[in-house]
Amino acid sequence: MLGPVILAASRSDQMRRFVSAAPGTKQVVARFIAGETVDQVVPIITDAADKGLEVTLDVVGEDITTPEQAAAARDAYLELVERLKDLGLGTKAEMSIKLSMFGQALEGGHELALANVRPVVRAAAAIGTTVTLDAEDHTTLDSMFAIHEELRKDFPQTGCVIQSYLFRTEDDARRLAAAGSRVRIVKGAYKEPAEVAYQDKAEIDKAYVRIMRILMEGAGYPMIGSHDPRLISIAQELGRRAGRKLDEYEFQMLYGIRSDEHLRLAAEGHRMRVYTAYGTDWYGYFMRRLAEKPANLLFFARSILTKG
């Protein structure tokens, strides 16, 4: 039950200072964060492409408190688009965006986030790539889905994320599993109350399978975000039953986790996309990775003890 405790710590300024100052932090963060700048992440993109992998890029940083910070986040993504254009990677590298980073939580945040994200989506489309809107805590989802719907009017390839631990998600999946849609399913990595979300891992996994079936049997493009070998096998079977070719859905895994599995799935002919985060404001993202898997926390604790 460490996960909820770690997620609570992800919102603590005191814990942020402690973790940032810990001697072993830099080593562990490097496992999950590809770098701090676009220049540092470019070799990772090209190496992935050489190995038959695709990437989705996340410029980390969710603690936005002013419109100026939200504009700076927009500009960071626009800089990324320019670099992707120079690399000529097209659909090998897309982008993942958290609307909180674009000002969603500020006053008038829905309109502000839409205004900030639209030029990024437009620039991405101009170079032949796409944007996926990440899911955050349940209070933000109606706004995210409304922005997703609005963007798809002009940029129908815009994707979104759904989370199996939320009770609402099966209905969301049915609505989203339409022709032309791109939907990533994940388990969910935020601390959610029992009124809106499953708390038991087995129930979350069962919901994940039900939602995968909805997406595979629908007319859209499913993106399976999981490192769980059992769920990956089930996804492959559901794809076969639905008559999907291997390029009619894809797997997504995090940078730094199960890298051998990335290569195995790509070698089998699957589309395999690596979720690759970079940037200086890594704390919230890093803590969610620790919360998702106890082994990650043990790795971090061991690093602190051996470096202290």
Side-chain angles (χ1 to χ4, degrees), residues 54-64 70-71 73-78 80-81 84 91 93-106 108-127 129-166 168-169 171-178 180-190 192 211 215 218 220-225 249-250 252 254 273-279 284-285 288:
E54 303 176 36
V55 300
T56 184
L57 296 159
D58 174 10
V59 184
V60 292
E62 302 154 44
D63 296 324
I64 298 299
R74 174 202 64 205
D75 293 344
Y77 271 94
L78 290 173
L80 174 58
V81 172
L84 293 178
T91 56
E94 67 144 29
M95 284 160 285
S96 290
I97 287 175
K98 290 178 175 60
L99 292 174
S100 60
M101 193 173 173
F102 282 59
Q104 186 186 43
L106 304 180
H110 179 85
E111 292 76 15
L112 178 63
L114 176 58
N116 279 328
V117 76
R118 189 184 293 276
V120 178
V121 175
R122 182 185 300 113
I127 66 167
T129 191
T130 57
V131 168
T132 296
L133 303 182
D134 276 338
E136 301 181 69
D137 76 81
H138 77 278
T139 65
T140 69
L141 294 184
D142 286 339
S143 171
M144 185 273 281
F145 286 132
I147 289 174
H148 174 248
E149 184 176 352
E150 183 65 26
L151 291 170
R152 288 198 71 215
K153 293 176 182 178
D154 295 318
F155 309 101
Q157 69 276 28
T158 305
C160 69
V161 177
I162 55 177
Q163 303 163 104
S164 72
Y165 66 176
L166 294 176
R168 64 173 289 173
T169 300
D171 288 336
D172 288 330
R174 293 186 185 95
R175 174 176 55 83
L176 291 164
S181 70
R182 296 171 58 256
V183 183
R184 179 197 304 149
I185 174 176
V186 299
K187 291 184 182 180
Y190 293 82
E192 297 287 12
I211 295 161
L215 296 179
Y221 180 76
M223 302 180 286
I224 310 302
Y249 65 100
E250 70 181 48
Q252 297 192 4
L254 297 171
R273 193 179 300 274
V274 183
Y275 191 106
T276 305
Y278 74 97
Y285 179 90
R288 285 196 299 279

*Checking side-chain hydrogen bond (donor to acceptor under 3.5 Å, both in side chains) for the pair Ser100/Glu136: CA distance, chi angles, key distance, verdict?*
CA-CA 8 Å; Ser100 60; Glu136 301 181 69; 2.6 Å; yes

*For Ala189 and Tyr165, work out which heavy atoms get closest and say how close.*
N-OH, 3.6 Å

*asked:* Could you check whether any side-chain N or O of Gln252 sits under 3.5 Å from a backbone N or O of Tyr275, counting only pairs where one atom can act as donor and the other as acceptor?
replied: no

*Passing candidate, side-chain contact (heavy atoms from CB on, under 4.5 Å) with Leu141, options Val161, Ile162, Leu166*: Leu166

_Spacing of CG belonging to Leu133 relative to CE belonging to Met95, to within rounding of 0.5 Å_ = 11.5 Å

_Ile147 to Ala113 - nearest heavy-atom pair and separation_ = CD1-CB, 4.0 Å

_Least distance between heavy atoms, Leu78 atom then Ala123 atom_ = CD2-CB, 4.0 Å

_From CG (Leu151) to CG (Leu114), nearest 0.5 Å_ = 6.0 Å

*How far does OG1 of Thr140 sit from CG of Asp134, to the nearest 0.5 angstrom?*
10.5 Å

*Gap separating the CD1 atom of Ile224 from the CZ atom of Arg184, nearest 0.5 angstrom*: 11.0 Å

_Hydrogens and angles aside, do Ser181 and Arg152 bring a side-chain donor and acceptor to less than 3.5 Å of each other?_
no

*Would you please test Glu94 and Thr132 for side-chain hydrogen bond (donor to acceptor under 3.5 Å, both in side chains) and show each step?*
CA-CA 8 Å; Glu94 67 144 29; Thr132 296; 3.1 Å; yes

*asked:* Tell me every residue that passes side chain to side chain contact (heavy atoms under 4.5 Å, CB included) with Val59, counting only those two or more places apart in sequence or in another chain.
replied: Ala76, Tyr77, Leu80, Met101, Tyr278

*Compare all side-chain heavy atoms of Tyr249 with those of Met223 and state whether any distance is below 4.5 angstrom.*
no

_Shortest non-hydrogen separation from Val81 to Ala124 and the atoms involved_ = CG1-N, 4.2 Å

*Does the salt bridge (Lys or Arg N to Asp or Glu O under 4.0 Å) test come out yes or no for Glu250 and Arg182, once each step is laid out?*
CA-CA 10 Å; Glu250 70 181 48; Arg182 296 171 58 256; 5.6 Å; no

_Value rounded to 0.5 Å, distance of OG1 in Thr129 from CG in Leu57_ = 8.5 Å

*Kindly give the heavy-atom pair with the smallest separation between Val60 and Ala277, and that separation in Å.*
CG1-CB, 3.5 Å

*asked:* Between Asn116 and Phe102 (side chain of the first, backbone of the second, donor and acceptor by atom type, cut-off under 3.5 Å), is there such a pair?
replied: yes

_Can you tell whether the side chains of Asp171 and Arg168 come within less than 4.0 Å, N to carboxylate O?_
no

_Side-chain H-bond candidate by donor/acceptor type, Gln163 with Thr169, under 3.5 Å_ = no

*How many angstroms lie between OG in Ser164 and NZ in Lys187, if you round to the nearest 0.5 Å?*
7.0 Å

*asked:* According to side chain to side chain donor-acceptor pair (under 3.5 Å), who are the partners of Glu149, at least two apart in sequence or on a separate chain?
replied: none

*Does the side-chain contact (heavy atoms from CB on, under 4.5 Å) test come out yes or no for Ile97 and Val117, once each step is laid out?*
CA-CA 8 Å; Ile97 287 175; Val117 76; 3.9 Å; yes

*asked:* If I compare all heavy atoms of Phe145 with all of Cys160, which pair ends up nearest, and what's the gap?
replied: CE2-SG, 4.1 Å

*What residues, two or more places apart in sequence or in another chain, satisfy side chain to side chain contact (heavy atoms under 4.5 Å, CB included) together with Pro119?*
Arg74, Arg122

*Could you tell me whether the side chain of Val274 reaches within less than 4.5 Å of the side chain of Thr56, counting heavy atoms only?*
no

